[in-house]
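Since the structure comes first, as structure tokens, the remarks are kept for the end.
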Amino acid sequence: DIKGFIFDLDGVITLTSKYHGQAWHQLADELGVTWTKALADGLKGISRMDSLEMILKAGNKENDYTEEEKIRFAAKKNDNYLTLIGKMTDEDILPGIPAFLKDLAAHNYKICLASASKNSPIILEKLDLVKYFPIVVDPSKLKKGKPDPEIYVRGAELLHLKPEECIGIEDAAAGIQAINGAGETSIGIGDATELSAADIRFARTTDMTLVNIEAAMKINA
Ligand code: BG6
Ligand code: MG
């Protein structure tokens, strides 16, 4: 039986995924790396330093910079990102998410956040969602980022649940791979081709309801 839900943040709860993309795009331009849709999609869910490495690799520049320079690039991207999210409020929560969270709480499901972002605590504050997410996996304490399952394994542990009792929710292929690798049920929100590995997929957040999830799980069973 499903007892808990483990949420990704960027691209699932709010469209900060767009701002991450914009900030990386700007840095890629500055580094002379061609920005493509494949690169943009591949970066979704990936940690800050791993994202920078992916961008450098895409431009065959992975050996061109020192560790200090790389840290400066990542800090610059984060400064841009923080400017982009500066004006966010609870109106930036994706439609259907508040109702879904309320429904989960009403049915006593356990909930936690498994975002790769070190900015997720401030975003939860801005969105006024701290009350729903008292439990947040700290990505700085993990050895490996998504697509490694570690963050979803840790999420289940923090909820005191077995992986098979958890559903993970993601907008990115790397995140779905992490959920599946952890032995949890995966829900993908977004594009069917990008999220083909998801156990259940919804085109948009408003489709993600307990009724629709239960129906999809019956079909898959
Ligand atoms: C993930 C985003 O949630 O967090 C990625 O999908 C981002 O785009 C990653 O790179 C790390 O975020 P941050 O805020 O710690 O740089
Ligand atoms: Mg995401």
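One-based numbering, in listed order, for ligands and for the atoms of each. Counting begins at 1 with the first residue of the sequence.
Taking every non-hydrogen atom of S51 and a distance limit under 4.0 Å, the qualifying atoms of ligand 1 come out as 10 (O). Near S115, the atoms of ligand 1 lying under 4.0 angstrom from a non-hydrogen atom of the residue are 3 (O). Interface atoms of ligand 1 facing N119, defined by a heavy-atom separation under 4.0 Å, are 13 (P), 14 (O).
For the pair K61 and Y65, the cation-pi criterion (under 6.0 Å, within 45° of the ring axis) is not fulfilled.
The Mg ion (ligand 2) forms the vertex of an angle spanning OD2 of D8 and O of D10; to the nearest 10 degrees it equals 100°.
Of the candidates N78, I46, D10, D8, it is I46 that places a heavy atom closest to atom 7 (C) of ligand 1. Residue nearest to atom 4 (O) of ligand 1, selected from A23, A40, S117: S117 (by heavy-atom distance).
Closest of all the heavy-atom pairs between D10 and H20 is OD2-NE2, 3.2 Å. Residues L127 and D90 come closest through the heavy atom pair O-CB, 3.4 Å. Nearest heavy-atom pair across V12 and D171 is CG2-N, 3.5 Å.
For the residue pair S186 and N180, a side-chain donor N or O sits within less than 3.5 Å of a side-chain acceptor on the partner. A donor and an acceptor atom, one from each side chain of N119 and N78, are located under 3.5 Å apart.
In this structure, F133 has its ring center closer than 6.0 angstrom to the ring center of F7.
Between K118 and ligand 1, a contact under 3.5 Å exists for at least one N or O pair.
Contact annotation for A116 and ligand 1: heavy atoms of both the backbone and the side chain come within less than 4.0 Å of the ligand.
Of all N/O/S atoms in D171, OD1 sits nearest the Mg ion (ligand 2).
Scanning the protein heavy atoms around atom 6 (O) of ligand 1, the nearest turns out to be G45 N, 2.9 Å. Residue, atom and distance of the protein heavy atom nearest to atom 16 (O) of ligand 1 are R48 NE, 2.7 Å.
K126 and D92 are not joined by a salt bridge, as no carboxylate oxygen comes within less than 4.0 angstrom of a charged side-chain nitrogen. Looking at K44 and D41, a side-chain N of the basic residue comes within less than 4.0 Å of a carboxylate O on the acidic one, giving a salt bridge.
Within the 4.0 Å heavy-atom shell around ligand 1 one does not find S17.
At a cut-off of 2.8 Å, E170 is not counted among the residues with an N, O or S atom near the Mg ion (ligand 2).
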